[in-house]
Engineer: 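One structure, as structure tokens, below. Some questions next.
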Amino acid sequence: MMNDQYWQERWEKGETAWDMGSASPALTTYCEQLGDKGLRILLPGAGSAYEADWLWHNGFRNVTVLDWSGKALEGIAARIPDFPKDQLIVGDFYALEGQFDLVLEQTFFCAQDPAKRPAYVMKMFTLLKPGGTLAGLLFDFPLAGGPPFGGSEDEYNELFHWLFEVKKMERCYNSIQPRDGRELFFILKKRSLEG
């Protein structure tokens, strides 16, 4: 039931408790270390995508934001008037085409039905260029309930390791206060399947 209509209704009703109101410190700290401002970056299921603001104002121009909700993306367009409209995409992540150097993950993975996790991993693998990176935050609490749906470091390692090299998967030291102690920061590199 967590389809485009579900998420659009959540935005229209203002039921967006996940919205932090600013960019994630964990993601901006990571992005401060990126040397190449020309990287093609995807923010999937990004909602208000305050990270897009941070990236844009720090010289990253190849940023694509994807969300089910057009209302969510309207906020980005209002905050960043010169952000290219064709880089704000309303649609289904699993139908997205193209390739990216970096995908930044925050609350998208955990907002989906856990049954879709293998499909998520495969789609991320497809969307990333050879050697591309998937980085961000995953919730570290039991899977039950949701959304958001949680998981554990062991579960995530098992899920991703077939197609990604796990470079980092550790307790996030700079989570926002309500999520402190409940997030893992991760960096995954797309594996080469040749040979």
Side-chain angles (χ1 to χ4, degrees), residues 1-11 15-20 24 26-27 30 40-49 51 64-69 72 89-172 175-176 178-179 181-193:
M1 296 301 295
M2 291 178 288
N3 56 18
D4 57 340
Q5 183 177 350
Y6 171 85
W7 292 110
Q8 185 69 13
E9 286 177 2
R10 294 282 302 265
W11 278 96
E15 297 174 355
T16 56
W18 63 82
D19 192 314
M20 295 170 23
S24 163
L27 294 185
Y30 172 75
R40 189 149 188 238
I41 300 172
L42 173 65
L43 305 177
S48 295
E51 290 74 25
T64 298
V65 183
L66 171 77
D67 200 274
W68 274 121
S69 171
I89 301 173
V90 177
D92 182 356
F93 167 74
Y94 296 97
L96 182 65
E97 297 183 358
Q99 286 212 301
F100 300 87
D101 301 295
L102 172 64
V103 179
L104 293 175
E105 162 65 55
Q106 179 185 221
T107 71
F108 177 57
F109 175 91
C110 67
Q112 300 182 64
D113 184 327
K116 292 189 102 169
R117 289 181 173 182
Y120 168 102
V121 173
M122 181 57 71
K123 185 61 179 182
M124 284 296 184
F125 182 83
T126 303
L127 286 172
L128 283 165
K129 294 178 179 178
T133 301
L134 171 59
L137 297 162
L138 297 169
F139 280 131
D140 185 24
F141 53 71
L143 180 62
F149 299 97
S152 69
E153 181 177 349
D154 288 343
E155 291 174 69
Y156 300 140
N157 278 316
E158 179 64 25
L159 183 65
F160 286 105
H161 88 276
W162 302 101
L163 295 176
F164 292 88
E165 180 183 354
V166 179
K167 294 292 199 178
K168 182 176 284 195
M169 179 84 67
E170 61 189 32
R171 174 77 60 208
C172 183
S175 296
I176 62 168
R179 300 179 188 174
R182 300 175 45 144
E183 290 183 312
L184 298 170
F185 180 76
F186 72 94
I187 301 173
L188 309 175
K189 282 282 187 186
K190 177 177 177 172
R191 290 188 186 277
S192 171
L193 298 184

Engineer: Got Lys190 and Leu134 here, is their nearest side-chain heavy-atom distance under 4.5 Å?
Structural biologist: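 Heavy-atom side-chain distance check fails, nothing below 4.5 Å.
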
Engineer: Less than 4.5 Å apart, any side-chain heavy atom of Val90 and any of Trp68?
Structural biologist: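 SC-SC contact between Val90 and Trp68 ruled out.
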
Engineer: Quick one: closest heavy-atom pair of Gly45 and Asp67, and the distance?
Structural biologist: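 Nearest pair, atom of Gly45 first, then Asp67: C-OD2, 3.3 Å.
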
Engineer: Return the minimal non-hydrogen interatomic distance between Gln106 and Ser24, and the atom names on each side.
Structural biologist: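 Looks like OE1-CB, 3.2 Å.
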
Engineer: Looking at OG of Ser152 and CG of Leu159, how far apart are the two atoms once the value is rounded to the nearest 0.5 Å?
Structural biologist: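 One gets 10.5 Å once the value is rounded to the nearest 0.5 Å.
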
Engineer: Find the distance between CG (Leu188) and CD (Glu165) and round it off to the nearest 0.5 Å.
Structural biologist: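 Those atoms lie 9.5 Å apart.
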
Engineer: Quick one: salt bridge (charged side-chain N to carboxylate O under 4.0 Å, His left out) pairs with a partner in residues 126-135, sequence neighbours left out?
Structural biologist: Asp101-Lys129

Engineer: Report the distance from atom CE of Met124 to atom CG of Leu42, rounding to the nearest 0.5 Å.
Structural biologist: 6.5 Å

Engineer: Can you check whether Phe164's main-chain N or O pairs, donor with acceptor, with Arg191's side chain at less than 3.5 Å?
Structural biologist: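 Judged by distance alone, yes, a pair lies under 3.5 Å.
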
Engineer: Any idea which heavy atoms bring Gly136 and Leu27 closest together, and the distance?
Structural biologist: CA-CD2, 3.6 Å

Engineer: Might you point out which heavy atoms bring Thr126 and Gln99 nearest each other, and give the distance in Å?
Structural biologist: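 Closest heavy-atom pair between Thr126 and Gln99: O-NE2, 3.1 Å.
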
Engineer: Are Thr133 and Tyr30 side-chain neighbours, meaning at least one heavy-atom pair lies under 4.5 Å?
Structural biologist: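 When only atoms from C-beta onward are counted, Tyr30 and Thr133 do touch, with a gap below 4.5 Å.
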
Engineer: Taking all non-hydrogen atoms of both residues into account, name the closest pair between Tyr94 and Gln112 and its distance.
Structural biologist: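 Nearest heavy atoms, Tyr94 then Gln112: OH-OE1, 2.5 Å.
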
Engineer: Could you tell me whether Phe186 and Tyr156 have their ring centroids closer than 6.0 angstrom?
Structural biologist: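 Between Phe186 and Tyr156, the centre distance exceeds or equals 6.0 Å.
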
Engineer: What is the distance from atom CG of Leu137 to atom CZ of Phe108, rounded to the nearest 0.5 Å?
Structural biologist: 15.0 Å

Engineer: Please name the pair of heavy atoms, one in Phe100 and one in Ile41, separated by the smallest distance, quoted to 0.1 Å.
Structural biologist: CD2-C, 3.9 Å

Engineer: Give, for atom CG of Leu138 and atom CD of Glu105, the distance between the pair rounded to the nearest 0.5 Å.
Structural biologist: 6.0 Å

Engineer: Below 30° counts as parallel, above 60° as perpendicular, anything between as tilted: where do the rings of Phe160 and Tyr120 land?
Structural biologist: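 It falls in the perpendicular class, over 60°.
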
Engineer: Any side-chain heavy atom of Phe185 sitting closer than 4.5 Å to one from Lys168?
Structural biologist: yes

